[in-house]
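Below, chain A is the first sequence line, B the second, and so on; all start at residue 1.
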Amino acid sequence: MPELPEVETIRRDLDKEIAGKKIKSVEVTGARSTRRHEDLKTFIDPLVGRTVKGVDRRGKYMVVKLDGPDVLIIHLGMSGQLLRAPSVRTEMPKHTHVVINFTQGGQLRFIDPRTFGEMFVTTLDVIEEQVPELAHLGIDALSAPVTWKNFGGLLTLRSAKLKTALMDQRVLAGIGNIYSDEILFHSGLRFDRSTDSLKPEDVRRLYRSTVEVLQEALRLRGSSLADAQYVDLFGKPGGYQAEHQVYARDGLPCRRCRQTITKEKFTGRTTYFCPACQI
DNA sequence: ACGCCCGCCTGTAAGC
DNA sequence: TGCTTACAGGCGGGCG
């Protein structure tokens, strides 16, 4: 579900909400969410008694820093939610798999119907060998020091279709199915263009579109779709879905040229585009 | 060696 | 109305 704007929205809220809080206890009711830990003690014990220092993000992974050697990694998968509950009495939603209780009161709950998301504890120095998918992430699509030249260098490192390259977490970290389509529309480029067909001005446009789309989506606190799966830490939906130009708009007129938005399967993912605006 | 497809899950909506 | 099917924000493994 969540891509970079959604994960970053949650990360910022989480950082404000739980930094300085001390973990009193941890309840795991859905062991699939902690599947990297064969023994639940190795998940729970390093957390209990620790104080949260802050929350970082690497691509779609959140990194909860603690006052010890360990970090708590959270990935939301397709349907994961993190919800702050002010009191233990707040009704527990269905599919709540992990609950973290703080000594100051309140809870952090991990809810995930499809269970593709996960939480695990590790230390930063062993991430390289233990969590290669995290270690091999490309540059963060929202990180400030990215220039259009190194963006282009990374993107065209290997020959691939544009959408595949944009969604490749080892190239650029954070972009998924919604934002790749929105970014490609914004740049006027088709999803199936080859990276090596790009002229420098195309790379520059794609770079600008990536930054602009993601920053605007972040400003509006992400995209919540009809199923309202994505909500922020306080259960509120985002607002960027109202700005979508192509995603889930098949059959509707393009907001720019009035041509009908087309839907097509591409490497297993539904892809939306304007056949007139994107070349 | 690389690209593609499947499977992992549950919920929902469309189709018959 | 009810059963069946397809599909959904991600990602790793295995296959060709």
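If you check the side chains of A/Ser79 and A/Asp112, you find a donor sitting under 3.5 Å from an acceptor. Remark: the A/Ser25 side chain and the A/Asn101 side chain contain an N/O donor-acceptor pair separated by less than 3.5 Å. Checking A/Thr42 against A/His37 by side-chain atom types alone, a donor-acceptor pair falls below 3.5 Å. A donor-acceptor contact under 3.5 angstrom links the side chains of A/Lys163 and A/Thr271, judged on distance only.
In this structure, A/Lys263 reaches neither bases nor backbone, as no heavy-atom distance under 4.0 Å exists between it and the strands shown. Among the protein residues, A/Asp112 comes within range of no part of the nucleic acid, since none of its heavy atoms lies under 4.0 Å from any strand.
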What pairs of nitrogen or oxygen atoms, one from the protein and one from nucleotides 11-15 of chain C, lie under 3.5 Å apart?
{"residue": "C/dC11", "atom": "OP1", "partner": "A/His75", "partner atom": "NE2", "Å": "2.7"}
{"residue": "C/dC11", "atom": "OP2", "partner": "A/Lys60", "partner atom": "NZ", "Å": "3.0"}

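Electrostatic pairing of A/Arg193 and A/Asp202 counts as a salt bridge here, judged by a charged N lying under 4.0 Å from a carboxylate O. A salt bridge does not link A/Lys41 with A/Asp39: every distance from a Lys NZ or Arg NE/NH1/NH2 to an Asp or Glu carboxylate oxygen is 4.0 Å or more. Taking a cutoff of 4.0 Å between a charged side-chain nitrogen and a carboxylate oxygen, A/Asp67 and A/Lys22 do not qualify as a salt bridge. Using a cutoff of 4.0 Å between basic side-chain nitrogens and carboxylate oxygens, A/Arg205 and A/Glu201 are not scored as salt-bridged.
Across the P atoms, C/dT1 and B/dG11 are found 22 Å apart, a figure rounded to whole Å. Distance check on atom C1': C/dA6 versus B/dC6 gives 15 Å, rounded to whole Å. Taking atom P on both nucleotides, C/dC11 is separated from B/dA1 by 24 Å, rounded to a whole Å.
For the atom pair CD of A/Gln229 and CD of A/Gln81, the computed distance is 5.5 Å after rounding to the nearest 0.5 Å.
Between the side chain of A/Asp181 and the main chain of A/Tyr272, a donor-acceptor pair closer than 3.5 Å is present.
We find that CG of A/Leu157 is positioned 15 Å from C1' of B/dA1, with the value rounded to whole Å.
Only one option out of A/Lys60, A/Glu3, A/Met62 pairs with A/Leu76 in a side chain to side chain contact (heavy atoms under 4.5 Å, CB included); it is A/Met62.
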Per-nt protein contacts along nucleotides 2-11 of chain B (heavy atom under 4.0 Å; B base, S backbone sugar-phosphate only, - none) come out as -SSS--BBBS
Give the dot-bracket string for DNA chain B, reading 5' to 3', where a pair is Watson-Crick or G-U wobble with both distances under 3.5 Å, ( ) marks pairs inside the strand, [ ] marks pairs crossing earlier ones, | marks a partner on another strand, and . marks unpaired. .|||||||.|||||||
